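Written out below as C-alpha cells is the structure these notes cover.
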Amino acid sequence: MKIATYNVNSVNARLPVLLRWLDEARPDVVCLQELKAVQENFPEQAINDAGYSAIWHGQKAWNGVAILSRGGNISERRRVLPGDPTDEHSRYIEAEVDGIVIGCLYLPNGNPAPGPKFDYKLSWMDRLITHAAELLSSGMPVVLTGDYNVIPTEQDVYKPENWINDALFRPETREAFQTLLKQGWTDAIRKLHPNDRIYTYYDFFRNAFGRDAGLRIDHFLLNPQLESRLRAAGVDRHVRGWEKTSDHAPVWMELEH
DNA sequence: ATGTCCTGCGTGGCAGGA
C-alpha cells in the first residue's frame, strides 16, 4: 500500500499537475493540504475520473485538507482537531482506509514569531499531541501525515543559520515536535534515510528549487503497528520542477500489504 | 528588505498569507 502527502497550494490551480502526478505515481491513498477552495469548489469529478474517491474539508481562500483513496473504501472519522471549539481553520481530517487510521494535517505556519500566529501554532501542536496520544491508545495502525510546517533538525534545512528565528525552526516548535515523537511515533522518511539530505518544500522566491535550497517539513509519523510494515519512502522531487507546480513536492511511503 | 505565487474582491491591481 502506497500512501502519499502533497501540499498542493490551491487544488484548482494545481489540478493538471495533481492529475499528472496521480497517473504517474499511482498512490493508493493521498492526503492533500492547502486546497484554497470552499467546500463546493473541490474538483470532485476530475478526482473521481482519475480513479479516486475523496473526502475533504474546504475553506474560503486558505487552508483546506482532503483524503483521496483509489478503489478502496474511505470512512471519515473526524474533520476537526479536538481541543478548541472556536478554531475555524480547516486543517485536519481523519479517515480509516483498509484498516489504517489516516490523519491528514496542515499545521499552522506560525510566522511571524513571536506573535499571535506563533501562539496559535503552538496551541495547535498541543492539541495535536493530545489527540495523537489518544490515537496511540486505540491499538490500530495509525499514520499522521501532512504539512507539519516543522523543520525537525538542522539536517532538514539547507542553511540552518538563516532559519533560527523562523516559526518553522524555533526551539519551541522543534521541542513540541520532539514531544510528539517521544510518545512513540516514527518519522518514516528519516527512519529509512538517516543520513540523506531530503527536502519536501522549496520557496517560490530566489530560485530556491534550482539551488536545492529546501526544507523538509512534510512528514509521515507512524505508530508502532504501522512502523513494522514500512518498506520504502521518498520524495517525488521532480514534480517540483513542473510548470505551474506547488512549492511543495509530493512525499510517499510504501507499506507491506 | 527582497523575491513569487496564490486567493479575494470585483474587473484593475492591491492586500494578505505563505
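In what follows, every heavy atom counts, from backbone to side chain, and hydrogens, waters and symmetry copies are set aside. Only a predicted model underlies this, so the values are computations on that prediction, with no experimental measurement involved. Order of the sequence lines sets the chain letters (A, B, ...), proteins ahead of strands, with each chain counted from 1.
Within the cation-pi definition used here (under 6.0 Å to the ring centroid, within 45° of the axis), R78(A) does not qualify as a partner of Y92(A). A cation-pi contact, defined as under 6.0 Å to the ring centre and within 45° of the axis, is absent between R216(A) and Y201(A).
The residue among Y201(A) and A13(A) whose nearest nucleotide of DNA chain B lies closer to the 5′ end is A13(A).
If you take atom P in dG16(B) and the same atom in dG10(B), they sit 15 Å apart, rounded to whole Å. Only the P atoms considered, dA15(B) is 15 Å distant from dT11(B), to the nearest whole Å. Comparing dT7(B) with dG12(B), their C1' atoms sit 15 Å apart, to the nearest whole Å. Rounded to whole Å, the separation between the P atoms of dC5(B) and dA1(B) comes to 22 Å. Annotation: dC14(B) and dT2(B) have their P atoms spaced 15 Å apart (nearest Å).
For E34(A) and dG16(B), the CD to C1' distance is 13 Å, given to the nearest whole Å. If you measure from atom CG of N7(A) to atom P of dA18(B), you get 11 Å, rounded to the nearest angstrom. One atom, CG of D247(A), and another, C1' of dT4(B), lie 9 Å apart when rounded to the nearest Å. The nearest whole Å value for the distance from the CZ atom in R91(A) to the P atom in dG17(B) is 12 Å. N63(A) has its CG atom 13 Å from the C1' atom of dC6(B), to the nearest Å. Here the C1' atom of nucleotide dC6(B) and the CD atom of Q59(A) are 15 Å apart, to the nearest Å. In this structure, CD of Q33(A) is placed 16 Å from C1' of dC6(B), rounded to the nearest angstrom. The interatomic distance linking L168(A) (CG) with dG17(B) (P) rounds to 16 Å, in whole Å.
Here Y148(A) and F177(A) bring their ring centres to under 6.0 angstrom of each other.
For the OP1/OP2 pair of dC6(B) and a distance below 4.0 Å, the side-chain nitrogens and oxygens of R14(A) include at least one atom meeting the criterion. Between K244(A) and the phosphate of dC5(B), there is no side-chain N or O to OP1/OP2 separation shorter than 4.0 Å.
Side-chain atoms of T153(A) and D156(A) include a donor-acceptor pair closer than 3.5 Å.
Rounding to the nearest 0.5 Å places OG1 of T130(A) at 8.0 Å from CD of Q183(A).
Considering only side-chain atoms of W62(A), the nucleotide from dA18(B), dG8(B), dG17(B) that sits closest is dG17(B). The side chain of A61(A) has dG8(B) as its nearest neighbour among dG8(B), dA18(B), dC5(B). Residue F205(A) places its side chain closer to dA18(B) than to any other of dA18(B), dC9(B), dG17(B). Which of dG3(B), dA18(B), dC6(B) sits closest to the side chain of R206(A) comes down to dG3(B).
Other residues, nucleotides and ligands contribute over 12 non-hydrogen atoms within 6.0 Å of the CD atom of E161(A).
Using a 4.0 Å cut-off between charged side-chain N and carboxylate O, D247(A) and R240(A) make no salt bridge. Salt bridge status for K2(A) with D28(A): absent, with no side-chain N to carboxylate O gap under 4.0 Å.
At a non-hydrogen distance threshold of 4.0 Å, Y106(A), N109(A), K117(A) from residues 106-121 of chain A come into contact with DNA chain B.
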